[in-house]
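Heads up, the thing below is written out as structure tokens.
Counting begins at 1 with the first residue of the sequence.
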Amino acid sequence: MTDVTTVADKAVADAAAVPGDLRMARVLWPFMLASAVGLVPFTIYSTFLVPIADDSGGGVAALGQLRGLGGLAALAVGTALAPLIDRVRREWAAAGGLAVLAVSAALGAGGDLLLLAAFCLLVGAGTAVLNPALTAAAADRFDDDAAAGRAATLITATQSLTALLAAPLVALPALLWGWRGDLWAIAALCSALALYFLLRGRRTPAPGAEARATDEVKRPGYLESFRLLGALPGVVPLVLVAMLRTAAFMGYLAYLAAFYDERFGLAPGPFAMVWTLSGTSFFLGNLFAGRLLSVERAGISGERLMTLGLVVALAALVGVFFARSLWLALPLTALVGVGHATVAACVTTLLVRRCGPLRGTALSVNAAGMSFGVFVGAGLGGVGLALGGFPGTAAVLGGLTLVALVLARVVARSPATSGD
């Protein structure tokens, strides 16, 4: 009875410590806005790939390969600069990322093939700094671990909503000024936001400034930050779970249109509804899983919910590729999105809670790992498709998810100590 009472009291205390989503959004709106804007440059590039290719004189395939440069840049920059996210003001790091995005959008508007290559590289580099800085800054606004984790997942939920809505939002103004006008508009908006965060950062203390003022904490060196991060319980497996989950999900999305076309004869127009179903499921899964994690009830922890999400994702992904009925494939497609979104929210929340003052480094390394996962998933999914058709793709991507599930159990068995 005492244990039940203690758990109930803890749930009530957690609920009181975590503000509602609307209250948090009123505090975090600059970070949420910047997070949404950060996804738009590549959305414009993907949405208008054909006219951009025509105007630049390069083929669609060549420009599609340029898109991969952004992922490589994100991997390199995100890893190299990870410790710096915890050594400078978060707002200044975000301002730097936004400034890079502004420059990239202006270059991309030139339309030349070399300028578009620079655009892709700079967008990848800019978002590799921007996204971890915004997520860590949002978490820093709240002292309570539960509230900090919820703040971080609100940023990731905003990103998933933007990914769902950005294409039609950029297509409408392009009717007036074309894709170049879209890029110039984003360049102006990123410049304004960069100035806002630069000025805001002057009023915000650097991470650990108060502790350093009293000589209580010595700031770790560059390589020492990586060593300390790796020594925290469960952090390395968490980053690997995120990378493998991303590989499985992005590999699945890369071949989903081809699957629905071959199996059910869905043309691109009707398939857009399937894509919307998948995106909506991911957004809702991320949003509600983050809220659930902010108030841990009896029997529901981030580690357990992550394991459950991976089990659902694994079963649904394999089920989709073996489905023979459209009406079975559609709900399974939604479940894949919900499962992966739940895992994504859990990883973000657990990194924020476990890493304490190293959360910026952790989130940056995590983002770099997910960038690598995008390439791994698309490549291995293609190998599976070539060797065994869609069952082969299901086997390869399901295998990646299964390894992530094993690592999730390693995380669950590790002590959930904070990095504070």
Side-chain angles (χ1 to χ4, degrees), residues 75 78-79 82 132 135 149 152-153 156 226-253 282 285-286 289-290 292-293 296 299-318 335-356 358-359 361-381 383-384 393-419:
L75 173 61
T79 302
T135 308
T153 57
T156 60
F226 287 111
R227 189 193 69 78
L228 291 175
L229 185 66
L232 293 176
V235 169
V236 172
L238 268 175
V239 171
L240 292 175
V241 167
M243 184 191 74
L244 292 167
R245 179 210 69 76
T246 303
F249 190 54
M250 299 309 292
Y252 154 83
L253 291 179
F282 191 93
N286 193 279
L292 183 62
L293 288 170
E296 291 190 355
I300 301 177
S301 66
E303 293 82 1
R304 290 183 180 180
L305 191 60
M306 179 171 62
T307 300
L308 176 60
L310 284 167
V311 170
V312 171
L314 174 60
L317 185 147
V318 174
L335 280 177
V336 173
V338 170
H340 278 276
T342 298
V343 178
C346 290
V347 169
T348 300
T349 300
L350 291 173
L351 285 176
V352 167
R353 292 182 181 181
R354 286 174 178 248
C355 297
L358 290 173
R359 63 175 50 138
T361 304
L363 291 168
S364 187
V365 171
N366 186 56
M370 290 192 293
S371 295
F372 181 64
V374 172
F375 294 97
V376 171
L380 291 182
V383 170
T393 300
V396 170
L397 301 181
L400 293 174
T401 311
L402 187 60
V403 175
L405 184 57
V406 172
L407 290 168
R409 298 310 303 154
V410 173
V411 175
R413 289 194 294 270
S414 64
T417 55
S418 173

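Shortest non-hydrogen contact noted between Ala289 and Ala345 is CB-CB, 4.0 Å. Here the shortest heavy-atom pairing between Gly337 and Phe282 reads O-CD1, 3.5 Å. Of all non-hydrogen atoms in Ala394 and Leu317, the two that sit nearest each other are O-CD2, 4.2 Å. Nearest approach of Thr79 to Ala368, heavy atoms of both residues: OG1-CB, 3.4 Å. Counting all heavy atoms, side chain and backbone alike, Ala362 lies closest to Cys355 at CB-SG, 3.5 Å. Scanning both residues, Arg354 and Pro233, for their nearest heavy atoms gives NH1-O, 2.8 Å.
Side-chain contact check for Met370 versus Met243: every heavy-atom pair is 4.5 Å or farther apart. Side-chain contact between Val396 and Val383: absent, with no pair of heavy atoms (C-beta onward) separated by less than 4.5 Å. Here the side chains of Leu244 and Thr401 are not in contact, with every heavy-atom distance at 4.5 Å or above. Side-chain contact check for Val336 versus Phe249: some heavy-atom pair is nearer than 4.5 Å. Val376 has its side chain out of reach of Met250: every pair of non-hydrogen atoms, C-beta onward, lies at least 4.5 Å apart.
Residues that satisfy the side chain to side chain donor-acceptor pair (under 3.5 Å) test with Thr156, not counting sequence neighbours, are Asn286. Remark: Thr361 pairs with Asp86 by the side chain to side chain donor-acceptor pair (under 3.5 Å) rule, at least two apart or across chains.
The distance from atom CG of Leu407 to atom CZ of Arg245, rounded to the nearest 0.5 Å, is 14.0 Å. Here the straight-line distance linking atom CZ of Arg304 with atom SG of Cys346 works out to 13.0 Å at 0.5 Å rounding. For the atom pair NE2 of His340 and CG of Leu253, the computed distance is 8.5 Å after rounding to the nearest 0.5 Å.
Other residues, nucleotides and ligands contribute more than 12 heavy atoms inside 6.0 Å of the CZ atom of Phe226.
Neither side chain, Thr135 nor Arg359, offers a donor N or O lying under 3.5 Å from an acceptor on the other.
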Check step by step if side chain to side chain contact (heavy atoms under 4.5 Å, CB included) holds for Leu228 and Leu358.
CA-CA 8 Å; Leu228 291 175; Leu358 290 173; 3.8 Å; yes

Quick one: do Met306 and Thr342 satisfy side chain to side chain contact (heavy atoms under 4.5 Å, CB included)? Show the steps, please.
CA-CA 7 Å; Met306 179 171 62; Thr342 298; over 6 Å; no

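Between the side chain of Thr246 and the backbone N or O of Gly373 there is no donor-acceptor pair closer than 3.5 Å.
Under the side chain to side chain contact (heavy atoms under 4.5 Å, CB included) rule, Leu305 has a single partner from Leu293, Thr349, Leu310, Leu350, which is Leu293.
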